[in-house]
Amino acid sequence: MAPKVLLHGSGAIGTIYVYLLQQAGCDVTAVCRSNYEAAKSQGFTLDSRRYGRGIKIRPSIVRSPAEAAGSGPFDFIVVCTKALPEAKTAEIIKPAVTAGKTAIVLIQNGIGIEDEYAQAFPSNPILSCVVYLPTTQTSPGHIQMGQLELLEVGTFPTSAYESNADARTACDTFVETVRKGGSDVHSVADIQEKRWSKLLLNASWNPICALSLSRDVAFLASSPAGEKLVLDIMDEVVNIAQALGFKDITPELARSQLTKATDRKGGKGIEPSMLVDVLSERRMEVEVILGNPIKVAKSAGVAVPRLETLYALSKALDEAIALRAPGKSLAGDETRAFKGDIPV
């Protein structure tokens, strides 16, 4: 029997996995927020260079995991929301989690995202995923997607695949299921290495484009210093990853990743997720993309001055997005105290 799945966060990326899971025969319930009314009344429409145009997607639609809990138990809860510490997503999905049964699948960016789920659900398998998927929600319930869809899946912790039969079964089942639905999915031995590999792109391009209000190609064209800055930031990520023992994350890999942007010169370039958030006046994933890696660097004795600079600027921008009045700068007496340790 195909798994029963709750997908939390049916935006641009989440909707693609609603589609793939349904294609695999799964019973899928989708949690929607800003697009709830459109999805509830009309479902989703997917225009994809990979899967086709005008695809209609009609899962069960709910506003929250608590609302979905009555239709459980679920074999998988797939989390596709932004990894924002203040969101407390583990607590939000808790009503729909069955202890010892439901596997938590995290399709999210960043470093250190799994801890809150491991603490909240000690008896449940946790799968951590890295996704490469250019897609956007052009209007509520309408998704546009390019040609690429790549999903890398591993257990958390990494050792669980060998030491925990339930985690291994959950990982193998999920990979097999989404592959059946049409995903280019791969089970990997160490998902944390893949997270640091993707951080080469996320920690450089995401904050740079958000702070400059520019797509990657436009930033590169803005000054001769642009390309060097991106590469210097990538090299700081390489240094952290090497200190952690991820020897396949190398300066050569960083230069290969930079080539993906330089090859787009002459075109429009891409809008990384932080830039999209700034343009939409939404909170950014500053902590998991910059703050947590800086904490790791500090523990490992690795100097990351450029990442620290990006963190300070991105954190201030994120606070301004949340707190400033329209058309106004953020005043000192309007700020709120930052809760937690600021990496220095």
Side-chain angles (χ1 to χ4, degrees), residues 82-86 108-116 128 130 132 156 158 190-214 216 219-220 222-262 272-275 277-278 283-321 338-344:
K82 288 192 175 297
L84 302 173
E86 64 271 20
Q108 296 178 301
N109 281 327
I111 300 299
I113 67 162
E114 303 93 350
D115 293 341
E116 67 171 299
S128 184
V130 172
Y132 296 87
F156 180 85
T158 298
D190 191 342
I191 193 63
Q192 297 307 317
E193 182 171 24
K194 299 299 184 180
R195 286 196 168 277
W196 284 96
S197 181
K198 189 176 182 184
L199 197 71
L200 291 170
L201 298 171
N202 276 339
S204 55
W205 284 119
N206 256 305
I208 282 174
C209 291
L211 291 163
S212 65
L213 296 179
S214 300
D216 55 353
F219 177 78
L220 289 174
S222 66
S223 78
E227 186 170 323
K228 181 179 184 300
L229 175 61
V230 175
L231 191 56
D232 285 346
I233 294 164
M234 287 184 175
D235 281 340
E236 290 189 354
V237 175
V238 169
N239 291 340
I240 307 171
Q242 290 273 318
L244 296 175
F246 300 132
K247 301 305 182 184
D248 288 340
I249 301 177
T250 62
E252 292 72 25
L253 178 60
R255 281 147 185 81
S256 174
Q257 295 285 35
L258 178 60
T259 300
K260 293 179 180 180
T262 57
S273 61
M274 276 191 178
L275 174 57
D277 289 337
V278 169
R283 301 303 296 263
M284 301 181 293
E285 295 175 304
V286 178
E287 295 303 328
V288 298
I289 289 177
L290 293 170
N292 289 350
I294 291 171
K295 291 177 182 177
V296 174
K298 187 175 182 180
S299 297
V302 178
V304 287
R306 294 170 186 83
L307 287 172
E308 290 173 341
T309 299
L310 287 180
Y311 175 82
L313 294 171
S314 298
K315 188 66 182 178
L317 176 59
D318 194 49
E319 293 291 299
I321 288 171
F338 175 67
K339 300 187 189 316
D341 295 328
I342 300 177
V344 294

### Query
Run the side-chain contact (heavy atoms from CB on, under 4.5 Å) check on Leu307 and Ile240 step by step: do they pass?
CA-CA 11 Å; Leu307 287 172; Ile240 307 171; 4.0 Å; yes
#### Entry: side-chain contact (heavy atoms from CB on, under 4.5 Å) between Asp115 and Phe156, intermediate numbers included
CA-CA 9 Å; Asp115 293 341; Phe156 180 85; 3.6 Å; yes
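- Side chain of Ser197 to backbone of Lys194: no donor-acceptor contact under 3.5 angstrom is found.
- Distance CD/Glu227 to CG/Asp232: 10.5 Å, rounded to 0.5 Å.
- Of the residues listed (Ile289, Val288, Val296), the one engaging Asn292 in a side-chain contact (heavy atoms from CB on, under 4.5 Å) is Val288, and it is the only one.
- A salt bridge does not link Glu193 with Lys198: none of the charged nitrogens is closer than 4.0 Å to a carboxylate oxygen.
- Looking at Asp216, its side chain never comes within 3.5 Å of a backbone N or O of Cys209 through a donor-acceptor pair.
- The residues Asp318 and Arg283 are annotated as salt-bridged, a charged nitrogen and a carboxylate oxygen being separated by less than 4.0 angstrom.
- In this structure, Asn202 CG and Ser273 OG are separated by 6.0 Å, a value rounded to the nearest 0.5 Å.
- Other residues, nucleotides and ligands contribute only 12 or fewer heavy atoms inside 6.0 Å of the NZ atom of Lys228.
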### Query
Are Lys82 and Gln108 close enough, and set up right, to give a side-chain contact (heavy atoms from CB on, under 4.5 Å), and what steps lead you there?
CA-CA 6 Å; Lys82 288 192 175 297; Gln108 296 178 301; over 6 Å; no
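- In this structure, CD1 on Ile111 lies 11.0 Å from CG on Leu290, to the nearest 0.5 angstrom.
- Smallest separation of non-hydrogen atoms from Ala210 and Met284: CB-SD, 4.0 Å.
- Minimum heavy-atom separation, Thr158 to Gln192: OG1-CG, 4.4 Å.
- When side chains are defined from C-beta on, Leu211 counts as touching Leu310, because their heavy atoms get closer than 4.5 Å.
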### Task
For the pair Leu220 and Thr262, evaluate side-chain contact (heavy atoms from CB on, under 4.5 Å) and give the outcome as yes or no after the intermediate values.
CA-CA 8 Å; Leu220 289 174; Thr262 57; 4.0 Å; yes
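- Looking only at side-chain heavy atoms (C-beta outward), Val278 and Leu213 come within less than 4.5 Å of each other.
- Closest approach of Trp196 and Val237 over heavy atoms only: O-CG1, 3.8 Å.
- Nearest heavy atom pair, residue Ser314 against residue Val286, reads O-CG2, 3.9 Å.
- Of all heavy-atom pairs spanning Gln257 and Leu200, the tightest one is CG-CD1, 4.1 Å.
- The shortest side-chain heavy-atom distance between Thr250 and Arg255 does not fall under the 4.5 Å cut-off.
- Rounded to the nearest 0.5 Å, atoms OG (Ser214) and CG (Leu275) are 8.0 Å apart.
- Rounded to the nearest 0.5 Å, atoms CD1 (Ile233) and CG (Leu199) are 11.0 Å apart.
- Formation of a donor-acceptor pair under 3.5 Å by the Glu236 side chain with backbone atoms of Ala303 is not found in this model.
- Between Arg195 and Asp190 no salt bridge is recorded (no basic side-chain N to carboxylate O distance below 4.0 Å).
- Here the shortest heavy-atom pairing between Phe219 and Ser212 reads CD1-OG, 3.9 Å.
- Formation of a donor-acceptor pair under 3.5 Å by the Glu285 side chain with backbone atoms of Ala83 is found in this model.
- Counting heavy atoms from C-beta outward, Asp248 and Leu253 have side chains that stay 4.5 Å or more apart.
- By the 4.5 Å heavy-atom criterion applied to side chains, Phe246 and Val238 are not counted as neighbours.
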